[in-house]
Amino acid sequence: MSDPRILTVRPEPGEYAWTFGGAPPVARIMPGTVLELYTEDCFAGRVRSEKDLVSEVCEFPFLNPQTGPFHVEGAEPGDTVAVHFVSIEPARDWAASTTVPLFGALTSTHTTATLQPPLPETVWIWQLDRDRRTALFSARESDIEVELPMDPMHGTVGVAPANLEVRSALVPDAHGGNMDTPEMRAGVTCYLGVNVDGALLSLGDGHARQGEGETCGVAVECAMNTVVIVELLKGISTPWPRIESDTHIISTGSARPLEDAFRISQLDLVRWLVRDYGFSELDAYQFATQAVESPLANVCDTNYTCVAKLRKEWLPKRETHRGLHARLRETATTLGR
């Protein structure tokens with residue numbers, strides 16, 4: 001494999017995208033390009049202390065700034081863009097998490113309307129030890145402190161939607177977007193179906209770590225220095241975002257209600273088994289039922305996201321996505337990241 005092209009992008013404050021679709025590309029890239037990217041946190045860096053309340057320092061809907069979009073040369077509807085995450089590293093020694101009025105899984109919301117008042121706005125600043133790979137939780141109302149392992153990920157990865165749509169960077173759907181799954185970590189390859197010429201790939205919303213479900217609606221939010229390799233699979237369609245790791249194949253589904261997000265991810269996994277692993281539909285349904293892992297991604301966004309994952313060691317020895325994940329892993333090792 002020839003040496004990859006490398007493009008470094010560090011946006012100025014006014015150069016982020018806030019939507020998928022509707023934003024002009026910041027660069028045109030060839031398949032195989034390595035992108036060295038800086039991504040800002042979901043608050044655009046404005047929540048820096050316990051006094052910085054989201055309602056006072058941020059302006060809705062300008063949340064989840066995205067680095068991009070990138071026009072991938074040759075990408076057309078019906079193709080798949082592959083994004084391999086070489087490294088995801090916090091760009092600062094701190095991260096922020098908050099409660100946000102009328103947002104989260106355990107509070108009233110605009111659509112789950114009740115008479116009770118919103119939860120109080122509270123900010124937690126997490127100290128990150130990038131050498132020891134830890135994130136320090138410091139309680140606001142006691143002297144409790146707990147170190148948790150860092151597990152950096154990107155909450156938001158996506159392409160332009162289909163049907164001329166422009167979607168807020170807060171929304172997950174078939175185009176990707178704000179899926180908030182901890183599976184989107186270094187070492188995985190994300191597959192996104194192309195809906196418009198050039199795909200228009202963007203990413204952002206870095207998390208130093210996040211629990212499954214993102215219950216309060218906000219992870220350990222931080223700016224990231226991220227390296228990805230972008231590839232193109234011609235003639236392969238991907239109806240919902242898929243993720244491949246060294247150990248699992250992973251389907252996603254985003255919708256409301258939650259059971260529909262679950263159904264989408266499970267159905268996509270069944271269809272993946274049929275297409276690439278030689279199962280009949282009913283055999284795939286039975287096998288997945290007994291072998292699948294189904295962690296939640298988020299239960300707080302405008303759409304909820306579920307994932308369905310299967311261990312590769314339990315699957316027939318077949319090639320998926322033309323063996324691209326393994327090749328990208330090899331390329332990543334040559335980058336020394």
Side-chain angles (χ1 to χ4, degrees), residues 37-54 63-64 85-100 103-107 119-157 172 178-188 190 203-227 243 245-248 250 252 293-301 304-307 309 337:
L37 305 177
Y38 175 84
T39 66
E40 190 48 273
D41 67 35
C42 69
F43 310 116
R46 296 189 178 100
V47 177
R48 305 179 69 88
S49 75
E50 294 175 350
K51 297 179 181 179
D52 293 327
L53 303 183
V54 172
L63 297 166
N64 263 11
F85 287 86
V86 179
S87 61
I88 306 173
E89 293 296 327
R92 296 191 278 248
D93 291 326
W94 57 271
S97 191
T98 75
T99 50
V100 177
F103 182 64
L106 300 183
T107 181
L119 292 175
E121 247 185 299
T122 307
V123 176
W124 291 263
I125 300 297
W126 291 63
Q127 299 302 317
L128 307 180
D129 189 322
R130 291 182 284 182
D131 293 328
R132 295 177 54 244
R133 314 297 294 170
T134 60
L136 179 65
F137 167 75
S138 297
R140 289 292 307 272
E141 298 176 354
S142 72
D143 59 359
I144 294 173
E145 290 191 338
V146 181
E147 273 193 335
L148 298 177
M150 280 203 310
D151 187 10
M153 52 163 283
H154 272 280
T156 307
V157 185
N178 195 31
M179 296 177 285
D180 283 322
T181 170
E183 304 290 347
M184 204 73 73
R185 55 174 63 92
V188 308
C190 176
L203 67 155
D205 189 27
H207 300 168
R209 66 165 295 115
Q210 179 210 297
E212 292 171 356
E214 198 184 23
T215 308
C216 84
V218 184
V220 183
E221 310 281 346
C222 65
M224 290 290 182
N225 291 313
T226 294
V227 179
I243 303 168
S245 71
D246 293 345
T247 57
H248 289 78
I250 305 163
T252 72
E293 302 167 55
S294 304
L296 294 173
N298 89 80
V299 289
C300 53
D301 289 336
Y304 302 147
T305 301
C306 289
V307 302
K309 53 190 290 192
R337 307 302 174 99

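- Under the 4.5 Å side-chain criterion, counting only non-hydrogen atoms from C-beta, Asp52 is not in contact with Arg46.
- Under a 3.5 Å cut-off, the side chain of Thr156 and the backbone N or O of Leu203 do not form any donor-acceptor pair.
- Expressed to the nearest 0.5 Å, how far CG of Leu148 lies from CZ of Phe137 amounts to 9.0 Å.
- When all heavy atoms are compared, the tightest approach of Met184 to Cys190 is SD-CB, 3.8 Å.
- Of the possible polar contacts, none joining the Glu293 side chain to the Lys309 backbone as a donor-acceptor pair under 3.5 Å is found.
- Formation of a donor-acceptor pair under 3.5 Å by the Ser87 side chain with backbone atoms of Thr226 is not found in this model.
- Here the closest heavy-atom approach between residue Ala223 and residue Tyr38 is recorded as CB-OH, 3.3 Å.
- One distance of note links SG of Cys306 with CE of Met179; it measures 13.0 Å at 0.5 Å rounding.
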#### Entry: Stepwise side-chain contact (heavy atoms from CB on, under 4.5 Å) test for Cys42 and Asn64
CA-CA 4 Å; Cys42 69; Asn64 263 11; 3.0 Å; yes

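- In this structure, CD1 in Ile243 is found 5.0 Å from OG1 in Thr181, a value given to the nearest 0.5 Å.
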### CA sep, side-chain torsions, deciding dist, call: Asn225, Leu37, side-chain contact (heavy atoms from CB on, under 4.5 Å)
CA-CA 6 Å; Asn225 291 313; Leu37 305 177; over 6 Å; no

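- Considering only heavy atoms from C-beta on, Trp124 comes within 4.5 Å of Arg140 through its side chain.
- A salt bridge is defined here as a Lys NZ or Arg NE, NH1 or NH2 lying under 4.0 Å from an Asp or Glu carboxylate O, and Arg133 with Glu147 fails to meet this definition.
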### Query
Checking side-chain contact (heavy atoms from CB on, under 4.5 Å) for the pair Thr98/Phe103: CA distance, chi angles, key distance, verdict?
CA-CA 10 Å; Thr98 75; Phe103 182 64; over 6 Å; no

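- Residues passing the ring pair (Phe, Tyr, Trp, His ring centres under 6.0 Å) test with Trp94, sequence neighbours excluded: none.
- By the 4.5 Å heavy-atom criterion applied to side chains, Phe85 and Arg185 are not counted as neighbours.
- Counting heavy atoms from C-beta outward, Asp205 and His154 have side chains that stay 4.5 Å or more apart.
- In this structure, the side chains of Gln127 and Ile125 come closer than 4.5 Å at one or more pairs of heavy atoms.
- Residues Arg132 and Met150 have side chains not in contact (no heavy-atom distance under 4.5 Å, counting atoms from C-beta outward).
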### Query
Under the side-chain contact (heavy atoms from CB on, under 4.5 Å) criterion, do Thr99 and Val218 qualify, and how do the steps go?
CA-CA 7 Å; Thr99 50; Val218 184; over 6 Å; no

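- The closest side-chain heavy-atom distance from Leu296 to Glu214 is not below 4.5 Å.
- Taking both residues in full, the closest heavy atoms of Ser97 and Ala219 are given as OG-O, 3.0 Å, listed atom of the first, atom of the second, then distance.
- Here the closest heavy-atom approach between residue Cys222 and residue Ala208 is recorded as SG-N, 3.7 Å.
- Neither side chain, Thr134 nor Asp129, offers a donor N or O lying under 3.5 Å from an acceptor on the other.
- Minimum interatomic distance between Ala135 and Leu128 (heavy atoms only, all atoms of both residues): CB-CD2, 3.7 Å.
- Pairing each heavy atom of Asp180 with each of Asn298, the nearest pair is CB-CB, 3.9 Å.
- Between Arg209 and Pro149, the closest side-chain pair of non-hydrogen atoms falls below 4.5 Å.
- Of the possible polar contacts, one joining the Glu121 side chain to the Val54 backbone as a donor-acceptor pair under 3.5 Å is found.
- No side-chain donor from either of His248 and Glu183 sits under 3.5 Å from a side-chain acceptor of the other.
- Under a 3.5 Å cut-off, the side chain of Gln210 and the backbone N or O of Ala297 do form a donor-acceptor pair.
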